[in-house]
Chemist: 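So that we are looking at the same thing, I have put the structure below in C-alpha cells.
All heavy atoms count here, side chains included; hydrogens, waters and symmetry mates do not. Not measured: the values here are computed from a predicted model.
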Amino acid sequence: MNERQSAKNHTHWLLAMLVACIMTSILHYVDNVLFFDQYPEPTWFNPSLVDILWFVMTPIGITGYICWQQGHRTLAFGLLYLYVAMGQLTLGHLLLSGI
C-alpha cells in the first residue's frame, strides 16, 4: 500500500470512528436529558447545560476531522484529542451516581 492509499484508509477509519462517537454521544446526551433527575448532579447543572455542552463538543470533533482531511495534522490531532477528552469528562457524572 502506498502512502496516498494509506492516508485515504486512515481518513475512512477516522470518519467511521467520529460518526460512531457522535452517534453514541447523541444516545448518551438524550439519556442524560430524559433521566436528568435520576443523576446526582450539582444544583447549578441543568438539562439545558447538558444540551449546550453537546453542541460545543461535537463541532470540535467535526472540525478536527475537516482539518485532518485538509492536511492540517497538528491542528487535527489537537482538536480530536480535545474532543475525546471532553467526551471522557462527560462520563464523570456516572462516577458520582455510582453506576
Side-chain angles (χ1 to χ4, degrees):
M1 180 181 307
N2 66 32
E3 188 174 326
R4 187 175 195 166
Q5 288 172 323
S6 178
K8 189 174 183 179
N9 190 31
H10 288 139
T11 300
H12 287 296
W13 276 109
L14 179 59
L15 178 60
M17 288 187 291
L18 181 62
V19 168
C21 285
I22 290 172
M23 297 305 293
T24 57
S25 74
I26 288 170
L27 294 174
H28 179 215
Y29 276 78
V30 166
D31 177 76
N32 285 351
V33 170
L34 292 177
F35 301 105
F36 186 82
D37 58 336
Q38 295 180 16
Y39 293 107
E41 303 294 352
T43 56
W44 54 266
F45 203 62
N46 59 56
S48 296
L49 189 54
V50 172
D51 287 342
I52 290 169
L53 290 173
W54 189 86
F55 285 104
V56 168
M57 289 175 46
T58 304
I60 291 171
I62 293 169
T63 303
Y65 174 76
I66 292 168
C67 288
W68 174 269
Q69 276 192 308
Q70 295 175 347
H72 305 291
R73 299 296 197 248
T74 303
L75 181 57
F77 282 132
L79 291 169
L80 291 168
Y81 281 126
L82 178 60
Y83 176 67
V84 168
M86 291 169 65
Q88 296 303 307
L89 289 174
T90 63
L91 296 175
H93 72 90
L94 296 176
L95 294 174
L96 294 174
S97 67
I99 293 177

Chemist: CD/Q70 to SG/C67 distance, rounded to the nearest 0.5 angstrom?
Modeler: 6.0 Å
Chemist: Do M23 and W13 share a hydrophobic cluster, counting only Ile, Leu, Val, Met, Phe, Trp and Tyr and linking them when any side-chain heavy atoms are less than 4.5 Å apart?
Modeler: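 Hydrophobic grouping puts M23 apart from W13.
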Chemist: Calculate, to the nearest 0.5 Å, the distance between atoms CD1 and CD1 belonging to I22 and I62 respectively.
Modeler: 4.0 Å
Chemist: Does any non-hydrogen side-chain atom of N32 lie less than 4.5 Å from one of W54?
Modeler: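 No; the side chains remain at least 4.5 Å from each other.
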Chemist: With the 4.5 Å side-chain cut-off for hydrophobic clustering, are F36 and L49 part of the same group?
Modeler: yes
Chemist: Examine L80 and L82 and state if one hydrophobic cluster contains both, with Ile, Leu, Val, Met, Phe, Trp and Tyr joined whenever side-chain heavy atoms are less than 4.5 Å apart.
Modeler: yes
Chemist: If you group Ile, Leu, Val, Met, Phe, Trp and Tyr by side-chain heavy-atom gaps below 4.5 Å, do Y29 and F35 land in one group?
Modeler: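 They do share one cluster, since a chain of ILVMFWY contacts under 4.5 Å joins Y29 to F35.
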Chemist: Measuring only between side-chain heavy atoms, which start at C-beta, is T11 closer than 4.5 Å to Y65?
Modeler: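 Heavy-atom side-chain distance check passes, below 4.5 Å.
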Chemist: Not counting sequence neighbours, which residues clear ring pair (Phe, Tyr, Trp, His ring centres under 6.0 Å) with Y81? List them please.
Modeler: none
Chemist: Dump the intermediate steps for side-chain contact (heavy atoms from CB on, under 4.5 Å) on I26 and V30, then the final yes or no.
Modeler: CA-CA 6 Å; I26 288 170; V30 166; 4.2 Å; yes
Chemist: Say whether F55 and V84 are linked into one hydrophobic cluster, either directly or through other cluster members, by side-chain heavy-atom distances under 4.5 angstrom.
Modeler: no
Chemist: Quick check: closest heavy atoms across Y83 and M57, and the distance to 0.1 Å?
Modeler: CD1-O, 3.2 Å
Chemist: Could you pull out the closest heavy-atom pair between P47 and V33, with the gap in Å?
Modeler: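 Result for this residue pair: O-CG2, 4.2 Å.
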Chemist: Could you measure the distance from the CE atom of M86 to the CG atom of L53? Nearest 0.5 Å is fine.
Modeler: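 Atom-to-atom, M86:CE and L53:CG are 7.0 Å apart.
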Chemist: Where is the tightest heavy-atom contact between A76 and G64, given as atom of each residue plus distance?
Modeler: CB-O, 3.3 Å
Chemist: Could you give the distance from NE2 (H72) to CG (L79), rounded to the nearest 0.5 Å?
Modeler: 11.0 Å
Chemist: Over all heavy atoms of both residues, which pair between L18 and G61 is shortest? Give the atoms and the distance, please.
Modeler: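 Closest heavy-atom pair between L18 and G61: CD2-O, 3.7 Å.
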